[in-house]
*Asks:* 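Before anything else, here's the structure in question.
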There are 2 protein chains.
Amino acid sequence: MPASSKPKKSTAGIALPHGKNATINDIARLAGVSKKTVSRIINHSPLVRQDTRERVEALMREVGYVPDPLARGLAFRRSFLIGMVYDNPTAQFIVNMQYGALDALRDSGFELVVHPCDSRSPGYIDGVRRFVQQQKLHGVMLVPRVSEDQALADMLDEIGCRYTRIAALPLGEKSKMVVTHDRDGAAEAADYLQTLGHRDIAMITGPGHYRSAVERTAGFTGALANRGIELPKSRIIEAGYTFESGVAAAEKLLSAKKRPTAIFCANDEMAAGVYRVALRAGIRIPQQLSVIGYDDSPLASRLWPPLTSVRRDTRDTGRIAAAMLIQPDEGNHGTRTVASVRPHLVVRDSCQPPED
Amino acid sequence: MPASSKPKKSTAGIALPHGKNATINDIARLAGVSKKTVSRIINHSPLVRQDTRERVEALMREVGYVPDPLARGLAFRRSFLIGMVYDNPTAQFIVNMQYGALDALRDSGFELVVHPCDSRSPGYIDGVRRFVQQQKLHGVMLVPRVSEDQALADMLDEIGCRYTRIAALPLGEKSKMVVTHDRDGAAEAADYLQTLGHRDIAMITGPGHYRSAVERTAGFTGALANRGIELPKSRIIEAGYTFESGVAAAEKLLSAKKRPTAIFCANDEMAAGVYRVALRAGIRIPQQLSVIGYDDSPLASRLWPPLTSVRRDTRDTGRIAAAMLIQPDEGNHGTRTVASVRPHLVVRDSCQPPED
DNA sequence: CTGAAAGCGCTTACAG
DNA sequence: CTGAAAGCGCTTACAG
């Protein structure tokens with residue numbers, strides 16, 4: 001990736017080396033200041049006189065000067081790269097998170113480097129360590145479920161790498177968190193079903209070692225309990241957040257003598273599994289069975305009837321997590337509230353009051 | 001991202017600066033060679049004696065030495081970053097492509113930087129140019145539909161940036177292509193429908209300015225023509241590759257006096273739109289209507305009945321495209337065949353012979 | 001096959 | 001508020 005061949009708008013009388021991008025030396029020479037002063041301006045140091053700053057900044061714009069991140073990185077001993085570390089969520093979730101992160105990084109000089117990994121494999125923490133250290137990353141975003149792994153966070157603390165954790169509830173140091181409040185989203189689903197008149201309700205939740213699953217279950221059962229409905233153990237089935245596991249769980253629930261009139265699923269994939277089983281068994285949604293999902297993925301509106309689901313604003317979540325990493329304002333003022341993003345129920349056509 | 005705090009396995013008698021990663025100078029000193037020799041070994045130069053090479057390589061492994069990509073990048077005037085530039089395909093496609101690219105980059109020292117963009121916005125080519133030049137990217141992968149934009153490829157040629165283009169058919173310089181042969185995939189769908197006995201067939205295709213759409217249409221209609229079936233214009237509807245546009249196209253097709261007995265959709269999203277309309281209209285799939293999609297996305301198996309679809313191995317495609325970028329073997333030997341990946345039909349339950 | 005010098009484009013001390 | 005020197009960890013010419 002050699003120098004630009006598109007010539008810079010060359011100012012009258014300004015001599016720039018041809019076929020090469022301007023460097024800090026060119027700017028310094030052209031502006032008649034030392035390179036250190038230019039460096040101060042690049043790094044927004046306050047120790048530069050206002051008029052000097054303005055003159056140099058105008059010059060930089062004019063010649064299209066952008067400091068070389070490689071050279072800055074070498075001198076700083078830190079790159080201008082943000083890593084996104086994730087395990088295995090759905091494609092739409094990853095992509096939205098990336099879009100959000102990129103929203104925050106746009107025009108900041110930082111770029112996003114992706115690092116999927118397998119949190120079940122023993123060496124994955126070392127893999128992240130190598131990734132961070134070899135690339136001298138500026139920071140990393142930890143997406144669920146790796147964000148929930150305290151051992152990973154500990155490793156990053158140990159090597160002094162900044163990070164943000166996106167999780168259902170606050171974990172560890174609050175200034176590094178973006179909380180998605182899954183408990184509240186699930187509670188809203190519960191309230192909605194109760195308001196519709198459902199009493200015999202079931203939930204298909206995610207793996208017990210996912211904090212999101214635990215939170216969604218607690219939020220759902222807690223809100224129902226608040227309204228006088230206790231969910232028996234048999235009405236809560238732990239599945240694997242996958243379509244297939246949703247099918248299996250739904251088969252269990254829907255083949256029972258007495259079927260629940262509503263099922264809340266901890267994600268849309270599993271809700272699609274419920275749809276599949278209901279369709280095969282001739283159970284009509286929403287007439288005979290109300291269903292709610294979680295994620296509000298594209299799948300929710302592809303299903304028929306369109307699925308009522310808890311939306312989480314993943315793009316916004318990613319934007320906030322990335323923004324926290326590149327904010328100069330590093331000092332955690334202590335009093336700042338923890339960053340968070342709120343879920344909310346998107347009502348479509350998959351629920352109605354129970355028959356009878 | 002400071003130096004490792006996990007101490008290197010320190011060899012007896014080897015003195016490494018504490019709390020810092022080893023540098024090329026440490027290796028040179030410890031091995032008793034010049035740093036230039038170490039550099040030659042890092043860069044796989046043949047101009048090093050075999051025993052010297054082995055001795056130094058053993059030392060590098062021992063102390064866990066990895067060359068600093070920032071320093072190498074500065075000296076080379078090129079980073080160790082591969083960019084992935086994409087416009088707006090489905091989430092699963094992007095994610096699979098990323099996984100594939102990362103498969104190829106694993107342990108290569110290269111990392112993947114993502115760059116979504118909007119090919120309809122006028123400044124997008126300049127955006128890619130800045131991305132490439134500021135980061136001094138080693139190369140970029142061009143994913144459909146940006147891969148089809150000759151102006152983008154021209155810009156990259158002009159600034160001397162290496163790239164690979166993933167597209168339905170060969171475009172421009174063949175050594176930079178990964179061809180997905182969409183024509184063949186669509187032809188396979190056509191043959192299958194003809195074999196089942198369908199004669200009144202329709203197609204919902206993508207936007208005419210997508211080469212993939214053109215190729216899939218050509219492949220489908222061509223294969224049918226070969227088997228004696230001419231598709232009238234009215235049986236080919238151009239839609240937008242989206243669910244909603246698939247719904248609209250299906251409404252047109254299925255409200256006609258005489259409905260087709262089979263519909264081939266240029267992607268799964270639009271096939272889901274056909275399902276939606278058929279379900280609402282009480283048209284049973286596959287009994288009264290056969291449907292085929294393209295992509296074999298997760299959606300294909302979430303639908304009921306499970307959708308027969310043309311699979312493209314996107315992960316493999318990404319792997320090949322990234323591998324081509326980092327192969328030292330730069331000289332296009334000319335005679336090498338163009339890189340390609342073949343689609344194939346995955347038969348599920350959405351097709352059967354036409355009734356009556 | 002090997003090496004000493006200079007340089008890539010920045011920043012960090014240290015002075016003034 | 002500003003600057004000259006040294007250095008970040010590599011590689012590119014140029015010699016031998």
*Asks:* A/Arg130: which residues meet the salt bridge (charged side-chain N to carboxylate O under 4.0 Å, His left out) condition with it, sequence neighbours left out?
*Replies:* none
*Asks:* Can you list everything that forms a side-chain contact (heavy atoms from CB on, under 4.5 Å) with A/Ser79? Sequence neighbours excluded, please.
*Replies:* A/Leu81, A/Leu137, B/Leu70
*Asks:* DNA chain C in dot-bracket, Watson-Crick or G-U pairs under 3.5 Å, [ ] crossing, | other strand?
*Replies:* |||.||||||||.|||
*Asks:* Please list, chain by chain and in numerical order, all residues satisfying salt bridge (charged side-chain N to carboxylate O under 4.0 Å, His left out) with A/Arg106, sequence neighbours excluded.
*Replies:* A/Asp103
*Asks:* Under the side-chain contact (heavy atoms from CB on, under 4.5 Å) test, which residues partner B/Ala31, sequence neighbours left out?
*Replies:* B/Val33, B/Arg55, B/Val56, B/Leu59
*Asks:* So which of residues 45-56 of chain B are in contact with DNA chain D, with a heavy-atom cut-off of under 4.0 Å?
*Replies:* none
*Asks:* What are the two closest heavy atoms between A/Ala22 and A/Val63, and how far apart are they?
*Replies:* CB-CG2, 4.3 Å
*Asks:* Using salt bridge (charged side-chain N to carboxylate O under 4.0 Å, His left out) as the criterion, list what pairs up with B/Asp87, not counting sequence neighbours.
*Replies:* none
*Asks:* Pair up each side-chain donor or acceptor in residues 38-46 of chain A with any protein partner under 3.5 Å, not counting sequence neighbours, and list the distances.
*Replies:*
residue	atom	partner	partner atom	Å
A/Asn43	OD1	A/Arg72	NH1	2.6
A/Asn43	ND2	A/Ser39	O	2.9
A/Ser45	OG	A/Leu47	N	3.0

*Asks:* Please enumerate all residues that pass side chain to side chain donor-acceptor pair (under 3.5 Å) together with A/Thr37, with sequence neighbours excluded.
*Replies:* A/Ser34
*Asks:* Report the distance from atom CD1 of A/Ile41 to atom C1' of D/dT2, rounded to the nearest whole Å.
*Replies:* 11 Å
*Asks:* Would you give a per-nucleotide map of nucleotides 10-16 of chain C, 5' to 3', where B means the base has a protein non-hydrogen atom under 4.0 Å away, S means only the sugar-phosphate does, and - means neither?
*Replies:* BBB----
*Asks:* Between B/Leu74 and B/Thr37, which residue's closest nucleotide on DNA chain C lies nearer the 5′ terminus?
*Replies:* B/Thr37
*Asks:* Can you name the residues that form a side-chain contact (heavy atoms from CB on, under 4.5 Å) with B/Ala322, not counting sequence neighbours?
*Replies:* B/Ala101, B/Ala104, B/Leu105, B/Met141
*Asks:* Taking only residues two or more places apart in sequence or in another chain, which ones pass salt bridge (charged side-chain N to carboxylate O under 4.0 Å, His left out) with A/Asp157?
*Replies:* none
